[in-house]
Amino acid sequence: MPVGPFGLDPLLWAIVRLLIAVVLVVALILNSSLLLIYLERKIQAVMQDRIGPYHTGPFGLLQTFADALKLIAKEDVRAGHTDVAFFIAAPALVFTPMLASYVVLPFAPPLVGADLNIGLLYLATLGSMGVLGIVIAGWASNNKYALVGGLRSAGQLISYEVPGILSLVTAVLVVGSLSMVKITETQTGPLVNLFVLPLAFATYLVSSLAETNRTPFDLPEAESELVAGYLTEYSGMRWGTMLALTEYGNVVVVCSIMTTLWLGGWNGPGVAALPILGVVWFTLKVYALILVFMWVRATLPRLRIDQLMSFCWKILIPTTLLNLAVTAVLLIAFPSTLVPVAIANWILLVAFIVLLPVVQQRRLRQLRKTLRARTAAAGVAS
Amino acid sequence: MPLAAFIAVSAALFFIGVAGVLVRRNAVVILMSVELMLNATNLAFVAFSRRLGVAGERGSVFVVFIFVVAAAEVAVGLAIILAAYRNRPTVDVDQLDEMKG
Amino acid sequence: MPDYSLSYFYVFVFFGTGAVFVAALLTASGLVQPKKKTAEKLRTYESGEEPVGGAWGRFPIHFYIFALLFVVFDVEVIFLFPWAVLFRSFGWYGLVEMGVFIFILVAGLFYAWRKGALKWY
Amino acid sequence: MSVDVVGLVWLVPGIPLAAAIVNGLFGRRWLHRTTGVIASVALGLSAALGLAIFFAVLASGGQPRVVTLYEWIGVGDFRVDTAALVDPLSATMVAVVAGISFLIHIFSIGYMEHDRGIHRFFTWLPLFVFFMLTLVLADNYLLMFVGWEGVGLCSYLLIGFWFEKPAPYTAANKAFWMNRIGDWGFTIGTILTFLTFGSLNFHEVFDKVAGVAQTQPLTITFIALAFFLGATGKSAQLPLYSWLPDAMEGPTPVSALIHAATMVTAGVYLVARSTPIFADAGSALVVVGIVGAVTALFAATIALVQVDIKRVLAYSTVSQLGYMFLACGVGAPIAAIFHLATHAFFKALLFLGSGSVIHATEEQDMRRMGGLRRKMPITYWTFLLAGGALAAIPPLAGFWSKDEIVGAAFTSGHQILWSVGIGTGLLTAFYTTRMIYLTFHGEPRDHHLYDHAHESPPVMTVPLMLLAAGAVLAGLVLGFPPDAGFIHRFLAGVVSAEAGQQPEAPNYVLIAVLAAVAVVAALIGIGIGYAMYARRRPDPAAVSRAAGPIYTLLVNKYFVDELYDHRIIDGGRALFGAAWAFDAHIIDGIVDRLAWLTALIGSGLRRVQTGVVGNYALSIAAGLLVLIVVYGGYATGMLHR
Amino acid sequence: MLDFLGLVVFAIFTIMIVGAGLGVVLANRVTTSALLMAFTFLNMAGMFVLLGAETIAAFQVLIYVGAITVLILYGVMFTPQTPRAYGLFFQKQTPWGAVLAALAALPVIVVAFSFHDAKTVAPPGGDLNALAIAVFNSFAFPFEVASVLLLAAMVGAIVLVKRESPAAPPAAPLRRSEPPR
């Protein structure tokens, strides 16, 4: 009879491990949300030359705890004409897939919930489930802002899912596996995939910004247009679950995906000797990416919905498809080396960055021309 | 789990779908019922494929193609419903009988 | 294969945990929060204006077209993933196959573009 | 790196199809004149690959190979694949078809340059090539029928290319209907083949022919005749020939490609391909030979008096096709294929040459031309070479192949057919001389036209020169020495009447004598032509007056069209009238009663057609229930048969 | 114990699938039907996992839950209905249909229980590779046809949906500050 760690029966150990994992993940989500909200405020403040939260606790560290307590104790109002079942189901529908994503995240060699064969596909799948909750939240509120906001967010999420997944597939071409652990194990050296597939990284970064409703894609909460989008009628802890927990939880998930696929996951100096050290490296990398997210938020203005959609379908998807094609052809043509792929990808990245403003300028000129023509036509008519 | 159990679940869901098509008025719900039927066949396909196939993933391949067909079917079906709805704001199948002869 | 079963049992439990956690959180919050409902509070929020009619009306159709395009590209993804994992062993043959497949779908995207279906307004 | 060229055989028709699709989809809006370049490049690739396959087959010693694309139909025992049979015969045909098509495509870029419908032209033309190659490559009768119908369709579209004018439109319809009669024969033949042999695959059928011929000789004869009816339709033989001259209303490259070099040879190809059937078909072979010989003579006599340059060529084509069938009929299918190949070169060249003339003068009536030799030297010289080949002057291509056919008629003991062949050769030489003199020599008869004439651009003349090289050399390269040349050895295993037998050593003395007779006949023809049109002694007008009624008969093409109109169509009308009366009073009487009854039942059943989808779904489900009960009952053994 | 757990999970899935499926048919709000349908699909994915077809399960969620349900929800939202009595959600022929479905279901379910397990059972999981090999080698032609089908569906749906006059310019000039909807 095989004996597991700590002299436990393997099955019993598995269940104990499961319980530990559940508790750990829930605690992680709660804490990282609190921490990230604090960080977000503080970093934004620094970038904008303000102070940010500083009253509650040292450096304002306890501010978010206070906010959380306030949220829990707050009355959550359900307006008169809502669709009850849906209204209640929506927070669970957005939260659950996010939580389930943590099962496959490879924090460190001994710290993986479950190493599924199809881990990456699993993550992509769960990413697509979140849309459902948002559409339902918008619909259930029976509020025009919420409904339009929900539909818009859904449109945004489903649209950006396509380039996101296409970028993932491009990376899979190189790593050749969907198991998160195996993907990490392919990148033990310092030359991580980021240097091979920078364009795929960039496109995935952009689409994950949109997937997590982060600026410049935070249309759902475009206050000036739609109040708070699909969240308009949500208050109290329902709002807290849907926005605070889920959004920051999802940010961690997409940053972990990027870390695993492009930054080498837990790999780093000393991991071979002390596997648990992987957590540190992994966390550092994830937080570095999160800092990028926050930096973007502090820098860029919000896009308009039509710009957002046409950017996705007319620029991002063709780019990712092109990248996928080029990568696949080069990998087949040069099966033993990644150098041509890397060169092509860097060239494409530079071309993308250089051409993007040019294309946008042209589109803008065209738009102005149509507008002028319309104005002129209307002037003649009246 | 025995194979029979899966097949029975598949059959049950399939006939729930059949019943949905036969009893509901709303065209969108009928479309959903059709999806249930397709899904039930998927289950049967996968069950047989896993139990019979040594390396043959033929059943699973069929399921993948059913996914394709289901997606295409929903896209076009809903488009037809929307087009009909635009002419006359109803999705009751027994009121969409203008082509009756 | 306890490994396979266990892995997915984890997934199953996590799904359950998600639902239970949300329910528990909201219940806990419900226990401590005050409940003072007024007619004003329960009214649909429209920036302080009196709400006119419900929200459940008819919508511009372009939402549907984007959803439609998404479904088609999602279906493409279910072929892309298996192909991406094994594409080295399929070689040029698989590359051409997938190329034709994607080309035909891109032709559809191009059609939608030309038809003006990708315009948001 | 060795590439399996034969395995790529589907690309040969595939590339033209792709070009046709691209041109068809994007031609009108975006490509316009670029369509010509696209089509030509595609055909160039296709031709190169075709040649490569030809040499690959040659290198492999002519081993037949089947390249299956996919299973097309599989119903019970009936299985038809979309598969290519690559053997010497089809390889030769592919090389000829793809090569000539390529040159004609290039020529067309210049010829169609100013036409508004150029994109249509370059959609149908590669599409035609696709179907023709499918026909040639097919490894079974059904797939061949697809190509057969396809070329018919493209021919219809291309004859009626200038559909704004009534004549092309009518000609297209005529071609279509006449071809339909032939296709009917092909269909009957195919069905009979399947019923008799249980398969449509060439190899399976041919393996069984000998056995079946023992027991059912009549069936084999009937199949052969049915296929031959199909061949007469497509290859414009008596009695279904009259569409081909009218088809000259289409653009000249079309005439060159379809109505001289490729499609019309489909019938010959069918007969050659089906050699095992025809060999065992007894009297069918005699019919083939006689029809071929009569057609050859008949068409040649009409060609004597035509004044439209393209019509002369059209009748000449009919006549030459007659030669090919004559060859098949006297048991020399290799000679038929040989003549097919050489004819493809020189007839395509003649048509393109005439096209060049027409392009330059915008006139087709030879009486208004004359003296163009000085204006269009390249066209003239190439045309002259092709005319020599047509008249079978040694050592040009036509001599070798035609001479072999006529010789085969003699050696196989058909002296009458041989004499018809010699006579036709004389007439051929005469009308060729007449055509060349009227067009290129003498004084210009229409000065306006003469002054505006000019040599065609290189894009047109280069294909002319290439084809001229073929017209000069093809015979020597392929067919020398006579009866034992390259092509004979190459094709012997596939299409010789007695497959497997070593061909006997040719009797060169006999061949030389026969050739001499043929050449003398040709020279006599040229001499008469020269005397009449260059020296005016005897004057052609006087001759035609003297000939009187015969001349009238010839100018009016033996009144065949009128005969068809009056006898057949009127007869048909009378028959149909009677049928109509029967139909109106007796059949309709029954139908009316039935209709009344149906209406009665229908008014009762109408209630079922509620238009409510749910009710229909309910009926479907009820049907499902019945199926489940019945099938499940049998499957579980609760019901018994 | 793992076997027992598997049985429990299977029972949960079965109850969920049948219950939610019945809910789709019986619910008096279309939105509820749609949500329950998504739930059925999710549990169906669980069934696939139990059968060892993890890839199919993932695809099931990706396509059915992530895409088709969203599409259907859109369809539901675009075709709002006035509230009415519960009985009016069903066709006039309801009893016939229900009886018929039940009649047909009974023999099939009975037959379903007669299936016995085959000897060879592939180990669960890892079906992605087998699937890929099957699709790209044996089913290459259907695979390409699938893309044509999708193209046809895409074009057809766009044509059906975008029937209103596309080129009519708005009567009033569009001001630049006005956010497009």
Side-chain angles (χ1 to χ4, degrees), chain B residues 1-3 5-6 9 25-32 34-36 38-39 41-43 45-47 49-51 53-92 95-96, chain C residues 1-9 11-12 53-87 89-90 93-94 97-98 100-113 115-118:
Chain B
M1 255 56 61
L3 174 62
F6 288 103
V9 173
R25 263 198 175 150
N26 190 318
V28 183
V29 179
I30 289 181
L31 211 55
M32 294 182 208
V34 173
E35 292 304 314
L36 290 187
L38 283 174
N39 225 301
T41 56
N42 281 357
L43 180 58
F45 265 121
V46 172
S49 163
R50 292 302 298 184
R51 292 300 155 129
V54 185
E57 280 285 331
R58 300 218 147 189
S60 303
V61 173
F62 263 89
V63 172
V64 170
F65 285 119
I66 290 176
F67 287 155
V68 177
V69 172
E73 178 234 321
V74 168
V76 177
L78 273 178
I80 291 172
I81 293 174
L82 292 186
Y85 186 84
R86 196 155 43 199
N87 284 343
R88 201 163 133 194
T90 180
V91 285
D92 287 0
Q95 285 183 38
L96 298 172
Chain C
M1 294 296 124
D3 220 21
Y4 172 86
S5 311
L6 258 185
S7 297
Y8 280 97
F9 189 63
V11 173
F12 179 72
W56 297 336
R58 294 168 72 169
F59 305 99
I61 216 85
H62 50 251
F63 289 106
Y64 180 76
I65 290 182
F66 281 99
L68 171 83
L69 286 174
F70 161 70
V71 167
V72 170
F73 276 85
D74 222 26
V75 172
E76 175 196 338
V77 164
I78 69 172
F79 289 107
L80 267 178
F81 265 110
W83 171 78
V85 173
L86 282 186
F87 91 116
S89 62
F90 295 134
Y93 180 67
E97 254 180 274
M98 189 43 86
V100 171
F101 184 82
I102 290 182
F103 175 79
I104 291 174
L105 288 191
V106 170
L109 180 64
F110 186 71
Y111 171 83
W113 195 334
K115 276 291 258 194
L118 294 186

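It should be emphasised that the depicted structure is a prediction, and the values quoted were computed from it without experimental measurement. Chain identifiers are assigned alphabetically (A, B, ...) following the order of the sequence lines, protein sequences preceding nucleic acid strands; residue numbering begins at 1 within each chain.
The two atoms that bring Phe79(C) and Val68(B) nearest to each other are CE1-CG2, 3.5 Å, heavy atoms only.
Both the backbone and the side chain of Leu78(B) have a heavy atom closer than 4.5 Å to some heavy atom of chain C. At a 4.5 Å heavy-atom cutoff, Ala72(B) makes no contact with chain C through either its backbone or its side chain.
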